[in-house]
Amino acid sequence: MQKLIIKGKKELTGKISISGSKNSTLPILAASILADQVRLKNIPLVKDIFTMVELLNYIGLKTKIIKKKNIIEIKNKKKNISTLAPYKLVKTMRAGVLVLGSLLTKYGKAKVSLPGGCAIGSRPVDLHLYALKKLGAKIKIKDGYILAEAKNGLKGTIINFPSISVGATENALLAASRARGKTILKNCAVEPEIKDLIIFLKKLGSSIYMKGRTITILQNKINNTKITHEVIFDRIELGTYMIASALLAKNKIEIDKINPKINKRKKDVLRKIGIQKKKKKSSIIIKRNKKLKKITISTEPYPGFPTDLQAQLMVLLTQAYGVSKIREDIFENRFMHVPELKRMGAQIEIKNKTAFINGPTKLTGAEVMATDLRASVSLVLAGLIAENRTIINRIYHLDRGYEFLERKLKNCKAEIKRI
Ligand code: EPZ
């Protein structure tokens, strides 16, 4: 099994280009079932995208990935396609459950594997099913599969989500885009990836309005749909490299291929810690700061601080002065990176849902184990700032969501290699 070897303490210089967003491409690929023809640009060439494409192929869509250009072309001309999403594909990539909304609203039925457990939490799909039932679907769980039916199509209604879920909002949007009449979704997730999906669905002919956390979908007659769409940049990848730059930039690092306007935050956490950044039209310049300040933060739905940057932020805070606190409020088991960081010398205590990080602490290289996508990249960041060598095992987690990570870091003079 492949490993990463990192020789730490190398100052970084140069430029890093951000790839397309994994968490925007996945729901848009599920939405492509609703179109006749799609050309999707700026897609990240990561494992989860390839798994979703495999699922679309399995369902019967024609797909072609033009790797050199990060483009995928999709055709769905067939009258009848398979409305089954098998366990073997959904188990490795939970976002596979997003084809449920598209299949149900277009073909009136779907059989989709329940995603099953995940390292970071139980991650049920009850809110997805709640929304589809409200739209009139008959839903049964049988042999580990969701059996959904809407013989006479779905019917628009008001859905008030009891808690905020990115995936449930996306599945409800996909299903409602072809439901009869008007649908109002309340207490929705409003991540930039949701907005990107809405732009795509509008190109498909739907009328969709967002106001605060309320999304209104008006059904329109969907004609022959041949659309081109450019996926937004990956704001979590951006956050990851901003943290790497703040820790290791020789002087400054420029991170480009982004749209700074898209990523407004309630609180500018990185600036509060003391990260100096300068925004430009489509890039951002990060300067190193040797005197990082401690902070107390909780992970929240957008525009709060994202749970997908929690592990990376924790590594940064091992170098901040004082005791920082991070409360993980989205997933119940997302501190798997802590024991590994402690093996590298980090001083971190967990009480209930909060991590107490004491800094600044000198980290030293060690052999560590990746457990999930974001935990694995936090170990890469720790390896980059640690004395000596770090060996990271199970890096298949990393390949699920980071495109060309070694190449991007090597271009900035990091000493990192895959064996
Ligand atoms: C999306 O997952 C992202 N994945 C996750 O990124 C991200 O961490 C998460 O949103 C939160 O921002 C993709 O977009 C593909 P949720 P999702 O539904 O949709 C509970 C990464 O690292 N919940 O917003 O699965 C759930 O258990 C990944 O790229 C229910 O209880 O997240 C969690 O505690 C990891 N019932 C909370 O809500 C439901 O039906 C938020 O989950 C659905 C969710």
Side-chain angles (χ1 to χ4, degrees), residues 19-31 44 46-49 51-52 55 90 92-101 112 114-134 139 141 146 159 161-175 185 187-197 213 231-232 234-240 263 265 298-313 327-334 336-337 353 370-378 397-403:
S19 303
S21 162
K22 166 182 83 75
N23 290 350
S24 181
T25 306
L26 290 169
I28 290 177
L29 286 173
V46 295
K47 185 80 180 62
D48 277 9
I49 301 301
T51 309
M52 186 61 118
L55 180 53
V90 177
T92 56
M93 201 271 308
R94 317 175 49 77
V97 79
L98 294 175
V99 300
L100 180 59
V112 173
L114 279 167
C118 167
I120 64 177
S122 57
R123 302 181 75 177
V125 291
D126 55 317
L127 298 173
H128 299 235
L129 305 185
Y130 160 75
L132 298 177
K133 282 180 194 158
K134 290 280 283 183
I139 302 239
I141 306 294
I146 302 160
I159 299 168
F161 286 109
S163 65
I164 295 170
S165 157
V166 171
T169 302
E170 290 166 342
N171 239 330
L173 266 169
L174 293 167
L185 304 176
N187 199 29
C188 291
V190 291
E191 270 65 3
E193 295 77 29
I194 300 253
K195 292 177 184 145
D196 205 18
L197 174 62
R213 288 193 178 283
V231 171
I232 57 171
D234 195 310
R235 64 194 171 96
I236 304 298
E237 189 195 19
L238 167 64
T240 304
N263 204 22
R265 284 272 166 73
S298 299
T299 59
E300 297 172 83
Y302 185 88
F305 188 80
T307 172
D308 294 348
L309 275 178
Q310 177 254 97
Q312 300 93 314
L313 180 73
R327 185 183 160 85
E328 174 54 58
D329 260 335
I330 305 287
F331 291 107
E332 65 271 25
N333 188 31
R334 203 166 203 182
M336 304 278 275
H337 42 286
K353 297 166 96 175
T371 47
D372 63 79
L373 172 60
R374 308 304 171 181
S376 50
V377 85
S378 79
H397 288 291
L398 208 55
D399 297 335
R400 294 189 53 183
Y402 284 90
E403 187 186 49

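Atoms within a ligand are numbered from 1 in the order they appear, just like the ligands themselves. Given the structure is predicted, the values throughout are model-derived calculations rather than measurements.
By the 3.5 Å distance cut-off applied to N or O atoms, A168 is not counted among the residues near ligand 1. Any N or O atom pair closer than 3.5 Å counts here, and G167 shares at least one such pair with ligand 1. For ligand 1, the polar-atom distance check against P124 finds a nitrogen or oxygen pair separated by under 3.5 Å. Backbone and side-chain nitrogen or oxygen atoms of L127 are examined, and one is located within less than 3.5 angstrom of a nitrogen or oxygen of ligand 1. Backbone and side-chain nitrogen or oxygen atoms of N23 are examined, and one is located within less than 3.5 angstrom of a nitrogen or oxygen of ligand 1. Of the polar atoms of R123, at least one N or O is found under 3.5 Å from an N or O of ligand 1, judged by distance alone. Considering backbone and side-chain N/O atoms, I120 never comes within less than 3.5 Å of an N/O atom of ligand 1. At a 3.5 angstrom cut-off on N or O pairs, T307 does not count as close to ligand 1. The shortest N or O to N or O distance between D126 and ligand 1 is under 3.5 Å.
Given atom 29 (O) of ligand 1, the protein heavy atom at minimum distance is R374 NH2, 2.8 Å. Closest to atom 44 (C) of ligand 1, if we only count protein heavy atoms, is S165 OG, 3.8 Å. Summary of contacts: the protein heavy atom closest to atom 26 (C) of ligand 1 is F331 CE2, 4.2 Å. The protein heavy atom nearest to atom 38 (O) of ligand 1 is I164 O, 4.2 Å. The nearest protein atom to atom 34 (O) of ligand 1, hydrogens excluded, is given as I330 O, 2.6 Å; this is a heavy-atom distance. When hydrogens are left out, the protein atom nearest atom 16 (P) of ligand 1 is V166 N, 3.6 Å; that is the closest non-hydrogen contact.
Side-chain contact between M93 and L26: present, with at least one pair of heavy atoms (C-beta onward) separated by less than 4.5 Å. Annotation: side chain of V90 is not in contact with side chain of V99 (no heavy-atom distance under 4.5 Å). Counting heavy atoms from C-beta on, the side chains of P44 and E237 never come closer than 4.5 Å.
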Given side-chain hydrogen bond (donor to acceptor under 3.5 Å, both in side chains), test S24 with E193 step by step and report yes or no.
-> CA-CA 5 Å; S24 181; E193 295 77 29; over 6 Å; no
Y402 and T240: side-chain hydrogen bond (donor to acceptor under 3.5 Å, both in side chains), yes or no, with the steps?
-> CA-CA 10 Å; Y402 284 90; T240 304; 2.9 Å; yes
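Comparing T299, D308, I236, N171 by heavy-atom distance to atom 7 (C) of ligand 1, the nearest is D308.
Each of the atoms 21 (C), 29 (O) of ligand 1 lies under 4.0 Å from some heavy atom of K22. Remark: ligand 1 atoms within the under-4.0 Å shell around heavy atoms of H128 are 40 (O). Near R334, the atoms of ligand 1 lying under 4.0 angstrom from a non-hydrogen atom of the residue are 8 (O), 22 (O), 35 (C).
Listed for the E332 side chain is a donor-acceptor partner under 3.5 Å among the backbone atoms of S122. Put simply, the side chain of D372 never gets that close to the backbone of I120: no donor and acceptor are under 3.5 Å apart. A side-chain donor-acceptor contact under 3.5 Å links R94 to the backbone of R123.
Interatomic distance, N23 CG to D196 CG, rounded to the nearest 0.5 Å: 11.5 Å. Rounded to the nearest 0.5 Å, atoms CE (M336) and NE2 (H397) are 8.5 Å apart.
Side chains of Q310 and H337: a donor-acceptor N/O pair is present below 3.5 angstrom, by distance only.
R334 and D308 are joined by a salt bridge, as a carboxylate oxygen and a charged side-chain nitrogen come within less than 4.0 angstrom of each other.
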